[in-house]
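Since the structure comes first, as structure tokens, the remarks are kept for the end.
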Number of protein chains: 2
Amino acid sequence: MSSATSARDRLVDAAQDLFAAQGVGPTSPRAVLAASGVGQGSLYHHFPTKHDLAVAAVGATVDDALARAMRTLDSDSPAVERLVAYLERPREALAGCKIGRLTADQAVMDDDGLHDVVTAYFVRLLRALTQIFRETDLPDDVARDRAHAALAIIQGGYVLARATRDPGALAAAVRGFVGLLDQGPQARNEPDRPSQHSTPTPKENP
Amino acid sequence: MSSATSARDRLVDAAQDLFAAQGVGPTSPRAVLAASGVGQGSLYHHFPTKHDLAVAAVGATVDDALARAMRTLDSDSPAVERLVAYLERPREALAGCKIGRLTADQAVMDDDGLHDVVTAYFVRLLRALTQIFRETDLPDDVARDRAHAALAIIQGGYVLARATRDPGALAAAVRGFVGLLDQGPQARNEPDRPSQHSTPTPKENP
DNA sequence: GTCTATAACGAGATAGAC
DNA sequence: GTCTATCTCGTTATAGAC
């Protein structure tokens, strides 16, 4: 999906990049057009309105992100390891979550079709995380609360990183949360984990 | 500042409301004009550019929010109680954090003057939260990480609430986090705390 | 200081040729 | 299917009278 060939694919591809960089609202069809290199008419042939383009592009982004997240969350490691692996995945903190950021995008929140795509992303992640906490023998309601906390750490960490212009803020939030998990009833065995700010080589999404 | 009288104050007041509802980028000077009831020329007399208006309005919002937060964080209760009181403060989860949401607003991130105001808000909160964790005899770096985690819980909780259209998502994230704090070395004494989603009467900000 | 025009530009979308 | 040209409207901002 990165170097597509059809006009339609190039449009969706360009839209995904621009939406990730600036959000849906501030991205004009014209900008997508320019970035994709196709002509005016082609855009409106494939996507009669901006809404249609947005649903296609955000949908593709959600599918990608969800697939990657599930590879970590559904691995065959022990529950706690899967969880921590997910929390500590390298992320482009300063860019923000491509999907989480859309919750502040009024163009998205006001568009039911778009919002549903965003909702589905988080509902599926919460379900997977809740299941992981259940496997650690927590009652259902506690597992659900902790799943919310874990996902909030990631989304909030992105916000803090962007607010302070410090990519280490996301890493710090994750460390703070994982530290609390580790001190619990049955602690994980972990190699010594140096603290303090710094992020090595981030790459992707929640 | 709620029912101001001068044209300038009415403009700032209207801008704060609109920024909170839709963000800075999507809010036009014209909309502020209409909401405030003043004339075109008055706006541009007091605020030559949209940037000037935004700095004034966002600055006022940050000052308000910071003052309210500090009243909770600087009270004379024990450290952990202040922390939990802050985390559990009633919040309008579906509206999102008036300030945190701005980190997804490209108009804000691209404007250094505006961004600095947002940064200052989070830096001050992180400092206060770190101090609280220090008072619980944690090493400085751990205290700092937990402060990041605590603030991320709030900001991430807002994101989850908006994404799922469920105000209970923020409350759930807070419960999940506080539950981890409670299970720690020296647990808090607390009345029985029923779990499950539901938010009674929200009101304000982080 | 505050007002009513109005200029200059970009947004979203359409028309119609190829 | 893809293109260029064009329409309409809202945005940011300025001009200049009161």
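Order of the sequence lines fixes the chain letters, A, B, ..., with proteins taken first and strands second; residue numbering starts at 1 for each chain. This one's a predicted model, so the numbers in the text were calculated from it and none came from an experiment.
Evaluation of the side chain to side chain contact (heavy atoms under 4.5 Å, CB included) rule for A/A128 yields A/M70, A/L73 as partners, not counting sequence neighbours. Residues that satisfy the side chain to side chain donor-acceptor pair (under 3.5 Å) test with A/T72, not counting sequence neighbours, are absent from this structure. Judged as a side chain to side chain donor-acceptor pair (under 3.5 Å), and not counting sequence neighbours, the contacts of A/D52 are A/T49. Not counting sequence neighbours, A/R8 has no partner by the side chain to side chain donor-acceptor pair (under 3.5 Å) test. Partners of A/H51 under the side chain to side chain donor-acceptor pair (under 3.5 Å) rule, at least two apart in sequence or in another chain, are A/D111. For B/R101, the side chain to side chain contact (heavy atoms under 4.5 Å, CB included) partners at least two apart in sequence or on another chain are A/A104, A/Q106, B/R162.
Mapping heavy-atom proximity under 4.0 Å, the span of DNA chain C touched by chain A runs 5' to 3' from C/dA11 to C/dT14.
Contact check for B/L181 versus B/V80: no side-chain heavy atoms found under the 4.5 Å cut-off. Side-chain contact between A/F177 and B/L180: present, with at least one pair of heavy atoms (C-beta onward) separated by less than 4.5 Å.
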Only pairs under 3.5 Å count here: list side-chain donor-acceptor contacts from residues 23-36 of chain B, not counting sequence neighbours, and write none if there are none.
| unit_1 | atom_1 | unit_2 | atom_2 | d |
| --- | --- | --- | --- | --- |
| B/T27 | OG1 | B/G23 | O | 2.6 |
| B/S28 | OG | B/A31 | N | 3.0 |
| B/S36 | OG | B/V32 | O | 3.0 |
| B/S36 | OG | B/L33 | O | 3.0 |
| B/S36 | OG | B/V38 | N | 3.4 |

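Within a heavy-atom distance below 4.0 Å of DNA chain D, no residue of residues 102-109 of chain B is found. DNA chain C lies under 4.0 Å from at least one heavy atom of each of the following residues of residues 28-43 of chain A: A/S28, A/P29, A/R30, A/Q40.
Rounded to the nearest 0.5 Å, atoms CD1 (B/I132) and OG1 (B/T136) are 9.5 Å apart.
Judged by the 6.0 Å distance and 45° axis criteria, B/R91 is positioned over the aromatic ring of B/Y86.
Evaluation of the salt bridge (charged side-chain N to carboxylate O under 4.0 Å, His left out) test over residues 113-132 of chain A, restricted to residues two or more places apart or in two chains, returns none.
Counting to the nearest Å, the C1' atom of D/dT11 and the CD atom of B/Q22 are 13 Å from each other. As a whole-Å value, the separation of B/L53 CG from D/dA13 P is 10 Å.
Across the helix from C/dG1-D/dC18 to C/dC18-D/dG1, the helix axis at one end is tilted relative to the axis at the other end by 10° (nearest 10 degrees, each axis from five pairs).
Residues B/T119 and B/H115 have side chains that bring a donor and an acceptor to within less than 3.5 angstrom of each other.
If you find the closest nucleotide of DNA chain D to A/H45 and to B/H51, the one lying nearer the 5' end belongs to A/H45.
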